[in-house]
K.L.:
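Before anything else, here's the structure in question.
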Amino acid sequence: MAAYPTSPMWSYPLTRTLEFDTRIGQGDDGTEQRWPLHTGRESWALTYPRLTLAERDILLAFFEACKGSFDQAFDFVFAGTTYTGCYFDADKLQVVERNPLQWSASVTIRQVTRAADAGSLPADFPALASGARLQRPYTLEWNFDTVAVRTEGGRFSRYRQGAPFRIWSAGGAVLTDDDAVAIWDMFRLARGRWATFHFADPDSLTEYTSCRFAEDKIERRYLEPRVNAVDVTIQQFI
């Protein structure tokens with residue numbers, strides 16, 4: 001089986017993405033029924049800012065051998081782990097000569113399928129190693145859910161729930177590897193929006209028990225060695 005070339009080596013910054021696909025049915029009382037459609041798919045957006053001519057040709061030769069996005073069975077090694085069943089996400093690979101005999105390129109690799117995650121989801125969303133719940137600036141949002149109908153005689157409205165639903169942004173723009181991994185692992189074990197957990201409000205420290213991720217997609221941005229950015233949104237649903 002072909003393997004994606006380990007030389008030339010990608011450089012910073014790069015982005016690793018994990019995506020799930022969750023279906024959600026919500027009742028009038030705010031309760032939810034959720035079911036996942038698959039076990040998730042990962043992708044890697046790699047950057048090569050300073051390629052020699054020989055390194056450029058290595059990438060182009062592998063891209064040609066794969067016939068662009070046609071081959072979906074090559075191996076990709078990232079952070080010591082081999083991922084199988086990978087493919088280029090596009091039929092086009094563009095390289096740019098910015099300086100004499102110095103090239104740059106961007107490559108995105110995706111998985112066809114992904115093995116189901118093992119392990120148990122922690123009950124609580126993890127605090128940062130510093131003890132803080134999240135990095136500032138963060139956003140707190142309150143939402144009501146109002147059903148309204150405008151009629152000839154005015155407007156009829158009713159609410160689905162008398163208290164606001166809370167939404168928090170979490171993570172941060174300058175995270176250590178350990179903090180980034182903790183958030184990433186929480187997301188993958190929750191399968192995106194599928195599973196529920198507890199989240200403590202960073203100011204009041206009130207713990208809300210019916211929370212989930214608001215999105216099925218997480219990005220870990222490797223800004224430089226041991227510096228990461230991860231942004232997630234957590235939603236209270238009842």
Side-chain angles (χ1 to χ4, degrees), residues 1-22 36-97 102-121 175-192 194 215-230 232:
M1 184 176 295
Y4 186 82
T6 56
S7 178
M9 182 64 179
W10 50 262
S11 185
Y12 295 92
L14 72 93
T15 301
R16 181 184 182 186
T17 303
L18 173 58
E19 295 182 78
F20 292 93
D21 192 351
T22 305
L37 294 189
H38 56 72
T39 57
R41 299 186 180 101
E42 290 195 52
S43 62
W44 299 263
L46 309 176
T47 59
Y48 297 90
R50 292 172 297 277
L51 293 169
T52 66
L53 182 61
E55 290 171 336
R56 183 206 71 171
D57 289 347
I58 290 173
L59 284 180
L60 290 175
F62 186 75
F63 185 76
E64 181 181 16
C66 292
K67 295 180 173 59
S69 64
F70 171 75
D71 185 354
Q72 55 187 27
F74 67 77
D75 293 346
F76 173 64
V77 179
F78 183 81
T81 299
T82 299
Y83 297 87
T84 60
C86 296
Y87 64 97
F88 288 100
D89 80 325
D91 279 327
K92 179 176 73 174
L93 175 57
Q94 184 180 77
V95 292
V96 179
E97 187 177 12
Q102 186 179 88
W103 299 77
S104 64
S106 298
V107 174
T108 299
I109 296 170
R110 299 187 182 275
Q111 280 184 300
V112 177
T113 60
R114 179 174 176 274
D117 288 298
S120 300
L121 176 69
L175 298 176
T176 66
D177 287 347
D178 289 344
D179 285 337
V181 167
I183 296 172
W184 180 278
D185 285 346
M186 188 79 184
F187 185 88
R188 69 175 181 83
L189 291 173
R191 296 187 184 181
W194 178 62
E215 299 174 343
D216 274 329
K217 177 180 177 180
I218 186 174
E219 291 184 347
R220 178 179 174 184
R221 299 183 298 281
Y222 297 73
L223 305 178
E224 55 185 88
R226 296 174 296 282
V227 180
N228 307 262
V230 180
V232 293

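Keep in mind it's a predicted model, so treat the numbers as computed, not measured. Just the heavy atoms: all of them, side chains too, but no hydrogens, waters or symmetry mates, feed the values below.
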K.L.:
Looking only at atom types and distance, does a side-chain atom of Gln111 sit under 3.5 Å from a main-chain N or O of Glu42, one as donor and one as acceptor?
P.N.:
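Looks like yes, one N/O pair under 3.5 Å.
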K.L.:
Below 30° counts as parallel, above 60° as perpendicular, anything between as tilted: where do the rings of Phe76 and Phe78 land?
P.N.:
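Rings of Phe76 and Phe78: parallel, under 30°.
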K.L.:
With heavy-atom distances below 4.5 Å as the criterion, would you say the side chains of Glu97 and Leu53 are in contact?
P.N.:
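No, their side chains stay 4.5 Å or more apart.
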K.L.:
Can a donor-acceptor pair be found, under 3.5 Å and without considering hydrogens, that links the side chain of Thr47 to the backbone of Ser11?
P.N.:
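Pair found, side chain donor or acceptor close to backbone of Ser11.
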K.L.:
Grab the two heavy atoms, one from Leu223 and one from Ala229, that are nearest each other, plus how far apart they are.
P.N.:
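That would be CD1-CB, 4.1 Å.
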K.L.:
Of all the heavy-atom pairs spanning Tyr48 and Val107, show the shortest one and how long it is.
P.N.:
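Shortest heavy-atom contact: CE1-CG2, 4.1 Å.
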K.L.:
Working to the nearest 0.5 Å, report the span between OG1 of Thr6 and CG of Asp75.
P.N.:
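The CG atom of Asp75 is 12.0 Å from OG1 of Thr6, to the nearest 0.5 Å.
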K.L.:
Do Tyr87 and Cys66 touch side chain to side chain, with heavy atoms closer than 4.5 Å?
P.N.:
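The answer is no, as the side chains (C-beta and beyond) never meet within the 4.5 Å cut-off.
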K.L.:
Roughly how far, to the nearest 0.5 Å, is the CZ atom of Arg16 from the CD1 atom of Ile109?
P.N.:
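One finds 12.5 Å between CD1 of Ile109 and CZ of Arg16.
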K.L.:
With a 4.5 Å cut-off on side-chain heavy atoms, are Trp194 and Leu189 touching?
P.N.:
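In short, these two side chains do not touch, never coming nearer than 4.5 Å.
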K.L.:
Can you tell me how far apart CD (Gln102) and OG1 (Thr52) are? Round to the nearest 0.5 Å.
P.N.:
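Reported to 0.5 Å precision, the distance equals 9.5 Å.
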K.L.:
Restricting to non-hydrogen atoms, name the atom on Lys67 and the atom on Asp91 that form the minimum distance, rounded to 0.1 Å.
P.N.:
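It is O-OD1, 3.9 Å.
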K.L.:
Check whether any side-chain N or O of Asp216 sits under 3.5 Å from a backbone N or O of Thr22 as a donor-acceptor pair, and report yes or no.
P.N.:
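Flag set: sc Asp216 to bb Thr22 pair under 3.5 Å.
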K.L.:
When rounded to the nearest 0.5 angstrom, what distance separates NZ in Lys92 from CZ in Phe63?
P.N.:
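Answer for the NZ-CZ pair, Lys92 versus Phe63, is 10.0 Å.
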K.L.:
Taking the ring centre of each residue, are Trp44 and Tyr222 less than 6.0 Å apart?
P.N.:
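No, ring centres 6.0 Å or more apart.
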K.L.:
Rounded to the nearest 0.5 Å, what separates atom CZ in Arg41 from atom SG in Cys86?
P.N.:
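Separation between the atoms: 12.5 Å.
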K.L.:
Any non-hydrogen side-chain atom of Leu51 less than 4.5 Å from a side-chain atom of Leu59?
P.N.:
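Contact flag for Leu51/Leu59 side chains = yes.
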K.L.:
Does the pair Arg220 and Val181 meet the rule for a side chain to side chain contact (heavy atoms under 4.5 Å, CB included), with working shown?
P.N.:
CA-CA 9 Å; Arg220 178 179 174 184; Val181 167; 3.6 Å; yes
K.L.:
Minimum heavy-atom separation for Lys217 and Phe187, please, with both atom names.
P.N.:
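Minimum heavy-atom separation between Lys217 and Phe187: N-CZ, 3.4 Å.
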K.L.:
Roughly how far, to the nearest 0.5 Å, is the CD atom of Glu55 from the CE atom of Met9?
P.N.:
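Spacing of CE (Met9) from CD (Glu55) equals 12.0 Å.
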K.L.:
Going by heavy atoms in the side chains, are Thr39 and Thr113 under 4.5 Å from each other?
P.N.:
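A side-chain contact under 4.5 Å is absent here.
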K.L.:
Just so I know, are the side chains of Leu18 and Arg114 near enough to count as touching, which here means a heavy-atom distance under 4.5 Å?
P.N.:
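SC-SC contact between Leu18 and Arg114 confirmed.
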K.L.:
Quick one: closest heavy-atom pair of Ala2 and Phe62, and the distance?
P.N.:
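Looking at all heavy atoms of both residues, the shortest contact is CB-CE1, 4.2 Å.
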K.L.:
Within 45° of the ring axis of Trp103 and under 6.0 Å from its six-membered ring centre, is that where the NZ or CZ of Arg56 lies?
P.N.:
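Verdict for Trp103: a cation-pi partner in Arg56.
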K.L.:
Please report the shortest heavy-atom distance between Asp89 and Arg110, naming the atom on each side.
P.N.:
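Minimum heavy-atom separation between Asp89 and Arg110: CB-NE, 3.3 Å.
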